[in-house]
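So the structure is just underneath, and the comments pick up after that.
The structure displayed is predicted, hence computed values, not measured ones.
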Amino acid sequence: MSTLKIPQNLIKLTQSFLSNRSFRVRIEDKLSSLRDIQAGVPQGSCLAPTLYLIFTNDIPVNNKASVALFADDTMYLTSNHNANIAIIQLQRQLQQTSVWFKKWRLRINASKTIAILFSRKRTNNLPQISINDTLIPWSTHVMYLGVTFGRTLNFGMHIKNTVRKATRTRGILYPILNRNSPVPTRARINIFKLYINPIMTYAGAAWAPFISTSQWKTLEAVQTIGARTILGIPFYVRNQTTLSTADLKQIKVCIRAQASALFHKNSFSRYRHIRELGREEITNPHYSSNKVKPRPISWALKF
């Protein structure tokens with residue numbers, strides 16, 4: 001905090017807030033003895049996220065890499081036309097990071113760390129990278145902040161995971177969602193919209209522009225089947241009629257509306273990188289016009 005030139009009175013107040021704290025554990029009516037908190041911040045306090053960001057503000061990044069941080073989820077990225085060079089750059093970055101983590105007594109969970117190489121080329125027998133002498137496995141898919149990315153930057157696995165999770169949740173709620181449930185119809189539909197639709201629309205602005213027609217049909221089927229279950233509508237009734245009867249919108253329409261609102265809000269941000277989210281165009285001359293994928297903001301504003 002001193003390095004960031006934060007006023008001394010705030011530093012002393014924070015020091016008082018963090019010092020001489022203790023905790024105990026309750027199991028039913030039994031309490032453990034008090035234990036001193038040696039490190040960390042009080043969970044649930046409004047200051048905790050800000051203090052953690054201050055603590056990790058100087059996490060090292062060399063000029064061949066970049067870092068994406070969201071709370072304690074850390075992702076390092078590096079790029080090169082030659083995969084081996086990109087891996088060397090990444091390994092150097094990880095070595096630098098390991099020193100910093102050791103200095104500030106933060107632990108890297110190597111068992112939950114995954115490496116992925118985004119490329120259209122076949123990449124067999126890649127050199128291994130490691131953190132603190134622990135080898136990191138290469139994967140064809142990686143999940144970051146709840147979104148699964150494929151090695152060719154496709155979202156097929158994300159759609160499969162989303163459909164599986166939404167279908168499982170729908171099955172758990174079947175006893176109160178089926179047509180014979182004593183719960184009123186409008187309440188059943190609201191329960192479906194509250195617990196299942198958010199699973200299917202989560203982070204849609206990021207992946208929705210890039211999935212195929214068949215993947216959209218798979219996603220939409222989860223909601224359509226749910227509406228038929230709630231209302232007892234037979235299979236031969238058109239999907240659009242089923243959704244209209246249940247007063248539900250297509251998942252694609254919901255995601256597009258959410259994405260449009262997101263980009264509109266971003267356009268007023270004071271930060272340039274937020275204003276430009278979803279706007280970056282592909283300028284590589286090797287791409288022909290029919291290969292250029294839609295930019296997320298263009299997709300969101302297409303009605």
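Of the inter-residue distances, the one linking Ser267 atom OG with Ile274 atom CD1 reads 11.5 Å to the nearest 0.5 angstrom. Of the inter-residue distances, the one linking Asn80 atom CG with Ile88 atom CD1 reads 9.5 Å to the nearest 0.5 angstrom. Between Asn125 atom CG and Asn84 atom CG the span is 10.5 Å, to the nearest 0.5 Å. To the nearest 0.5 Å, the span separating NZ on Lys102 from OG on Ser98 amounts to 10.0 Å. Atom CG of residue Leu248 and atom CG of residue Asn239 lie 12.0 Å apart, to the nearest 0.5 angstrom. Separating the CD1 atom in Ile196 from the CD1 atom in Ile172 is a distance of 9.5 Å, to the nearest 0.5 Å.
The two residues Val222 and Ala166 come nearest to each other via the heavy atoms CG1-CB, 3.9 Å. Shortest non-hydrogen contact noted between Asp73 and Tyr144 is O-OH, 3.6 Å. Of all heavy-atom pairs spanning Arg92 and Asn62, the tightest one is C-ND2, 4.3 Å. Across every non-hydrogen atom of Ser139 and His141, the tightest pair is OG-O, 2.5 Å. Nearest approach of Arg188 to Asn178, heavy atoms of both residues: NH1-O, 3.0 Å. Annotation for Thr152 and Ser119: closest pair CG2-O, 3.5 Å, computed over non-hydrogen atoms.
The only option from Gln89, Lys64, Gln93 that meets the side-chain hydrogen bond (donor to acceptor under 3.5 Å, both in side chains) definition with Thr78 turns out to be Gln89.
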Query - side chain to side chain donor-acceptor pair (under 3.5 Å) between Arg24 and Ser22, worked out - result: CA-CA 7 Å; Arg24 58 173 45 171; Ser22 58; over 6 Å; no

Query - Pair Thr245-Val237, side chain to side chain contact (heavy atoms under 4.5 Å, CB included): steps then yes or no - result: CA-CA 11 Å; Thr245 304; Val237 177; over 6 Å; no

**Report entry** side chain to side chain contact (heavy atoms under 4.5 Å, CB included) assessment of Asp58 paired with Thr3
**Finding:** CA-CA 10 Å; Asp58 62 341; Thr3 304; over 6 Å; no

Query - Criterion side chain to side chain contact (heavy atoms under 4.5 Å, CB included) on Arg186 and Asp247, from CA distance to verdict - result: CA-CA 9 Å; Arg186 176 44 53 189; Asp247 193 25; 3.6 Å; yes

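Among residue pairs with one or both ends in residues 10-21, none qualify as side chain to side chain donor-acceptor pair (under 3.5 Å); sequence neighbours excluded. Counting only residues at least two apart or in different chains, ring-ring contact (aromatic ring centres under 6.0 Å, His included) contacts with residues 153-187 comprise Phe149-Phe155, His158-Trp207.
Taking hydrophobic clusters as Ile, Leu, Val, Met, Phe, Trp and Tyr residues chained together by side-chain heavy-atom distances below 4.5 Å, Leu231 shares a cluster with Phe235. Under the 4.5 Å side-chain heavy-atom criterion for grouping Ile, Leu, Val, Met, Phe, Trp and Tyr, Leu262 is not connected to Val147 through any hydrophobic cluster. Linking Ile, Leu, Val, Met, Phe, Trp and Tyr residues whenever their side-chain heavy atoms come within less than 4.5 Å places Ile54 and Leu10 in a single cluster. Following chains of ILVMFWY side-chain contacts shorter than 4.5 Å, one can reach Leu194 starting from Ile255, so the two form part of one hydrophobic cluster.
Side-chain atoms of Thr169 come within 3.5 Å of backbone atoms of Lys165 as a donor-acceptor pair (strictly under, hydrogens ignored). At least one donor-acceptor pair under 3.5 Å links the side chain of Thr113 to the backbone N or O of Asn109.
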Anything under 3.5 Å between a donor and an acceptor, one on a side chain of residues 208-216, the other on a protein residue two or more places apart or in another chain? List them.
| unit_1 | atom_1 | unit_2 | atom_2 | d |
| --- | --- | --- | --- | --- |
| Ser212 | OG | Ser214 | OG | 3.1 |
| Ser212 | OG | Gln215 | N | 3.3 |
| Ser212 | OG | Gln215 | OE1 | 3.4 |
| Gln215 | OE1 | Ser212 | N | 2.9 |

Can you give the donor-acceptor pairs under 3.5 Å from side chains of residues 197-205 to other protein atoms, not counting sequence neighbours?
| unit_1 | atom_1 | unit_2 | atom_2 | d |
| --- | --- | --- | --- | --- |
| Asn197 | ND2 | Gln223 | OE1 | 3.1 |
| Thr201 | OG1 | Asn197 | O | 3.1 |
| Tyr202 | OH | Leu145 | O | 2.5 |

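Residues that satisfy the side-chain hydrogen bond (donor to acceptor under 3.5 Å, both in side chains) test with Arg275, not counting sequence neighbours, are absent from this structure. Annotation: side chain to side chain contact (heavy atoms under 4.5 Å, CB included) contacts of Ile11 (sequence neighbours excluded): Met1, Ser2, Ile6, Gln8. Listed by chain and residue number, His264 satisfy the ring-ring contact (aromatic ring centres under 6.0 Å, His included) test with Phe268 (two or more places apart in sequence, or in another chain). The side-chain hydrogen bond (donor to acceptor under 3.5 Å, both in side chains) search around Arg170 returns none, not counting sequence neighbours. Applying the salt bridge (charged side-chain N to carboxylate O under 4.0 Å, His left out) criterion to Arg238, with sequence neighbours excluded, gives no partner residue.
Other members of the cluster containing Leu135 do not exist, because no ILVMFWY side chain is joined to it at under 4.5 Å. Residue Leu90 shares its hydrophobic cluster (ILVMFWY side chains chained together at separations under 4.5 Å) with Phe55, Ile59, Val61, Val67, Leu69, Tyr76, Ile87, Leu94, Trp100, Phe101, Trp104, Leu106, Ile108, Leu117, Leu126, Ile129, Ile131, Ile136, Trp138. Residue Ile37 shares its hydrophobic cluster (ILVMFWY side chains chained together at separations under 4.5 Å) with Phe23, Val25, Ile27.
Looking only at side-chain heavy atoms (C-beta outward), Thr229 and Phe192 stay at 4.5 Å or farther from each other. With contacts defined as side-chain heavy-atom distances shorter than 4.5 Å, the pair Ser79/Phe118 does not qualify. Between Ile230 and Ile189, some side-chain heavy-atom pair lies under the 4.5 Å cut-off. Under the 4.5 Å side-chain criterion, counting only non-hydrogen atoms from C-beta, Lys252 is not in contact with Leu219. Asn9 has its side chain out of reach of Leu13: every pair of non-hydrogen atoms, C-beta onward, lies at least 4.5 Å apart.
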